[in-house]
Amino acid sequence: MSPAANFVRSELPVAVIGAGPSGLAAMRALSRQGLAFVGFERHTDVGGLWNIENPASTVYESAHLISSKSTTQFAEFPMPEGTPDYPGHRHLQAYFRSYADRFQLRRSIRFGVRVTAAVPSEDGAWMVSWEGADGPDSGRFSAVIVASGTLHTPAIPTLPGQFSGEIRHSASYKNPRELSGKRVLIVGAGNSGCDLAVDAVHHAASVDISVRRGYYFIPKYVFGRPTDTLNQGKPLPRPLKQFFDKRLLRMFTGDPRRFGFPKPDHRIYESHPVVNSLILHHLGHGDLQVKGDIARLDGHTVHFRDGTSGEYDLLLLATGYVLDYPFLDPALLGWDGPSPSLYLNMFSRQAENLLVIGMVEASGLGWEGRFRQAELAAAYLAAQKRDPESAGEFRQLLAGESPDVTGGYRYLGLDRMSYYVNKDAYRAELEAHLERLASAGSAAREEANR
Ligand SMILES: Cc1cc2nc3c(=O)[nH]c(=O)nc-3n(C[C@H](O)[C@H](O)[C@H](O)COP(=O)(O)OP(=O)(O)OC[C@H]3O[C@@H](n4cnc5c(N)ncnc54)[C@H](O)[C@@H]3O)c2cc1C
């Protein structure tokens, strides 16, 4: 691209799709770099899925953080004094509202506007199309930052047979009163499945939970402190962490097999941990039962692979979500199976200046981790404007192999683990890349001043 075309393109604003935690982080990082942007949010307010009023929200009335506030919040904007250790969605919605106000982000966000397409132009700019109250429209942008979330499109398993009751995905579940008087089977014991099971024991006529594998259950508190605040800042090497934490769990939650769960087929932290000990409490009280994988549906009867069966009115699928970016040609993200293959889970290798913030699953990365992603994205876009040489060096790096961010953990080969990272390894790479961009910039400046 000619320097003139590059100049014209870099004067265009950046499009940010989504005003959830990741989109807000992106907007804040861009504004710190003095880069113009337009935010697009299909709902009428900020907060993403933590805003239960957002029709795309997948939280429910009882949803609270499973990571504690201090490991989750934005570092430059701590939650207000008096916020509980594990705030619920209403606290979080208020928090994101004040974040947007504090950094004056709202004035650059177009609310009630859904992005329908983002297409790269031949001159290197992006053409973004959207639909809002005024009908369809489009505009040119220098770059596209996708922050549209990962937990919106339900993963629906194929269940053999016919069911005469109701089958729903947890994405549409809001209130435990929806379960009143029903014989409920929760399918899946991830974090949502366990929350829903705990809700159900207080309202449903009966509750069972069907699982395919065993899980490690982490309590929210150990030694009277939020569990994820122990050992902060001093990450243990992987083998030691697995050794100690497995024993710590045995002390606090015991062996989940005692409550009917199968033995896990993986070591601790090789799958996303379940932060919930209430389900064990209710299993111990006989309020619900663990069932095996579903073999077949027949009327109101569910037959399980372990040979048992049960009668149900409602199958509530807590079977997770699939990644979905309907406004982008899949070729632009270089999909590799269930997830896009992006450099550092962020940078498209197929399309220049297509970046994704928040397509990262991890235990304990928090919104600050998403903010550091956003800072790297903004630093790269700013370098294109102010320091094209170091931006060019960085671009070459992005074409190569993405660094290993597993931290040495052998993650289970599940779809949702395909974009999983170890938070310490991932944060270290983000910092190293930020450093690299900054030092390339200062080397180029020194050279120019010589
Ligand atoms: C029950 C539950 C508990 C959780 N607990 C934790 C926790 O303890 N700790 C943690 O770190 N994470 C937790 N999460 C994960 C959660 O995904 C993140 O905290 C965070 O919400 C992700 O933010 P995001 O901005 O990437 O996505 P989202 O919050 O999903 O926001 C995406 C936004 O993009 C908008 N959007 C989507 N498509 C378009 C479009 N085409 N045009 C315009 N706007 C669009 C949506 O309306 C939405 O506002 C939890 C999730 C759930 C469901």
Side-chain angles (χ1 to χ4, degrees), residues 15-27 38-74 85-89 92-93 95-96 99-100 109-118 128-132 144-154 170-171 173-174 190-196 199 218 220 226-228 272-276 318 320-321 323-328 345 356-371 373-374 416 419 423:
V16 179
I17 306 174
S22 301
L24 293 175
M27 296 178 213
V38 178
F40 293 95
E41 170 52 56
R42 65 185 169 188
H43 184 51
T44 50
D45 202 354
V46 299
L49 60 71
W50 292 107
N51 180 349
I52 201 166
E53 311 297 336
N54 181 341
S57 169
T58 46
V59 297
Y60 27 85
E61 279 300 345
S62 60
H64 289 75
L65 278 184
I66 56 166
S67 51
S68 68
K69 65 176 175 186
S70 62
T71 64
T72 313
Q73 64 198 0
F74 293 116
D85 292 332
Y86 293 98
H89 62 89
L92 298 176
Q93 173 57 1
Y95 174 68
F96 292 120
Y99 183 88
I109 305 176
R110 304 197 54 183
F111 289 105
V113 173
R114 182 174 63 92
V115 169
T116 51
V128 174
S129 308
W130 60 85
E131 264 191 41
V144 170
I145 296 186
V146 176
S148 53
T150 58
L151 305 178
H152 294 286
T153 305
S170 61
Y173 168 79
K174 292 291 163 214
N191 283 293
S192 290
C194 289
D195 274 356
L196 269 47
D199 271 3
I218 299 186
K220 282 194 158 170
T227 310
D228 63 357
H272 195 49
V274 179
V275 185
N276 191 318
Y321 297 88
L323 294 178
D324 191 14
Y325 301 103
F327 45 83
L328 285 173
N345 290 35
V356 183
I357 306 293
M359 194 206 82
V360 63
E361 270 292 337
S363 174
L365 189 65
W367 302 317
E368 182 59 13
R370 274 102 173 171
F371 181 65
Q373 284 190 312
R416 74 184 160 88
Y419 57 105
K423 77 156 194 303

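In each ligand, atom 1 is the first atom listed, and ligand 1 is the first ligand listed.
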Participant: Take the angle between the ring planes of Phe371 and Phe74 and call it parallel below 30°, perpendicular above 60°, tilted in between.
Facilitator: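 The arrangement is perpendicular - the two ring planes meet at more than 60°.
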Participant: Please state whether Val275 comes within less than 4.0 angstrom of ligand 1, counting heavy atoms only.
Facilitator: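 Contact check Val275 vs ligand 1: negative.
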Participant: Do we see a donor-acceptor contact under 3.5 Å between the side chains of Ser62 and Asp199?
Facilitator: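 Ser62 vs Asp199: donor-acceptor pair found between side chains.
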Participant: Ala147 heavy atoms, cut-off 4.0 Å: which ligand 1 atoms fall inside?
Facilitator: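 Checking each atom against Ala147, I get 32 (C), 33 (C), 34 (O).
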Participant: If you take the nearest heavy atom of each of Phe40, Trp130, Trp50, which one is closest to atom 21 (O) of ligand 1?
Facilitator: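 Looking at heavy atoms only, the winner is Trp50.
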Participant: Looking only at N/O atoms, are Ala19 and ligand 1 under 3.5 Å apart anywhere?
Facilitator: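 Between Ala19 and ligand 1, no N or O pair is found under 3.5 Å apart.
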Participant: Would you call Val275 and Thr227 a side-chain contact if the rule is heavy atoms closer than 4.5 Å?
Facilitator: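 Val275 does not reach Thr227 side chain to side chain.
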Participant: What atoms of ligand 1 come closer than 4.0 angstrom to any heavy atom of Leu65?
Facilitator: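 Heavy-atom distances to Leu65 below 4.0 Å select 7 (C), 8 (O), 9 (N).
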Participant: Any idea which protein heavy atom is nearest atom 25 (O) of ligand 1, and the distance to it?
Facilitator: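 The answer is Ser22 N, 2.9 Å.
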Participant: Would you please determine whether Met359 falls within less than 4.0 Å of ligand 1 on a heavy-atom basis?
Facilitator: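 No; Met359 lies far enough from ligand 1 that no heavy-atom distance drops under 4.0 Å.
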Participant: For ligand 1, which part of Tyr60 has a heavy atom less than 4.0 Å away: the side chain, the backbone, both, or neither?
Facilitator: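 Side chain only.
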Participant: Below 4.0 Å, non-hydrogen atoms only: which portion of Asp195 touches ligand 1? Side chain, backbone, both or neither.
Facilitator: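 Contact part for Asp195 vs ligand 1: neither.
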Participant: Between the side chains of Ser67 and Thr72, is a donor N or O closer than 3.5 angstrom to an acceptor N or O?
Facilitator: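 Note: Ser67 and Thr72 side chains meet the donor-acceptor criterion.
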Participant: Is it the side chain (CB and beyond), the backbone, both or neither of Leu151 that lies under 4.0 Å from ligand 1, heavy atoms counted?
Facilitator: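 Side chain only.
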Participant: Could an N or O of ligand 1 be found under 3.5 Å from any N or O of His152, whether backbone or side chain?
Facilitator: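 Yes, since at least one N or O of His152 sits under 3.5 Å from an N or O of ligand 1.
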Participant: Would you indicate whether the side-chain heavy atoms of Arg42 and Val113 approach each other to under 4.5 Å?
Facilitator: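 SC-SC contact between Val113 and Arg42 ruled out.
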Participant: Taking C-beta and beyond as the side chain, do His89 and Glu61 meet within less than 4.5 Å on heavy atoms?
Facilitator: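 Side-chain contact under 4.5 Å: yes.
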Participant: Kindly assign one of parallel, tilted or perpendicular to the pair Trp50 and Trp367, based on the angle between their ring planes and the thresholds 30° and 60°.
Facilitator: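 Perpendicular.
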Participant: Identify, by atom number and element, the atoms of ligand 1 in contact range of Trp367, meaning under 4.0 Å from any of its heavy atoms.
Facilitator: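 Near Trp367, meaning under 4.0 Å from one of its heavy atoms, ligand 1 has 18 (C), 19 (O), 20 (C).
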Participant: Against heavy atoms of Arg370, which atoms of ligand 1 measure under 4.0 Å?
Facilitator: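 In order of numbering, the contacting atoms are 11 (O).
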Participant: Under 4.0 Å and counting heavy atoms only, is there anything from the protein next to atom 12 (N) of ligand 1?
Facilitator: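 It does not; no protein heavy atom is within 4.0 Å.
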Participant: So for ligand 1, is Ser192 a polar contact partner (N or O within less than 3.5 Å, distance only)?
Facilitator: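 Between Ser192 and ligand 1 (N or O atoms, distance only) the closest approach is not under 3.5 Å.
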Participant: Between Val46 and ligand 1, which residue portion shows a heavy-atom distance shorter than 4.0 Å: side chain, backbone, both, or neither?
Facilitator: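 Contact part for Val46 vs ligand 1: neither.
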Participant: Measuring from atom 36 (N) of ligand 1, which candidate in Lys69, Gln73, Arg42 has the nearest non-hydrogen atom?
Facilitator: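 Result: the heavy atom closest to atom 36 (N) of ligand 1 is in Arg42.
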Participant: I'd like to check Leu328 versus Val146 (side-chain heavy atoms, cut-off strictly below 4.5 Å). Are they in contact?
Facilitator: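 Yes. Closest side-chain heavy atoms under 4.5 Å.
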Participant: So which of Glu41, Arg110, Gln373 gets nearest to atom 49 (O) of ligand 1, if we judge by its closest heavy atom?
Facilitator: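 Answer by nearest heavy atom: Glu41.
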Participant: Check the orientation of Phe327 and Tyr325. Use parallel for under 30°, tilted for 30 to 60°, and perpendicular for over 60°.
Facilitator: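 Plane angle over 60°, so perpendicular.
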Participant: Under 3.5 Å, N or O to N or O, is Val115 touching ligand 1 that way?
Facilitator: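 N/O-N/O distance under 3.5 Å: yes.
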Participant: Starting from atom 31 (O) of ligand 1, which protein heavy atom do you reach first, and at what distance in Å?
Facilitator: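 Minimum-distance protein heavy atom for atom 31 (O) of ligand 1 reads Gly48 CA, 3.5 Å.
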Participant: Only heavy atoms of Phe327, strictly under 4.0 Å: list the atoms of ligand 1 that pass.
Facilitator: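 The list of qualifying atoms is 41 (N).
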Participant: Answer yes or no: does an N/O atom from Ile357 fall short of 3.5 Å to an N/O atom of ligand 1?
Facilitator: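 Between Ile357 and ligand 1 (N or O atoms, distance only) the closest approach is not under 3.5 Å.
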Participant: Looking only at side chains, do Thr71 and Asp228 share a donor and an acceptor under 3.5 Å apart?
Facilitator: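 Checked: Thr71/Asp228 side chains pair up, N/O donor to acceptor below 3.5 Å.
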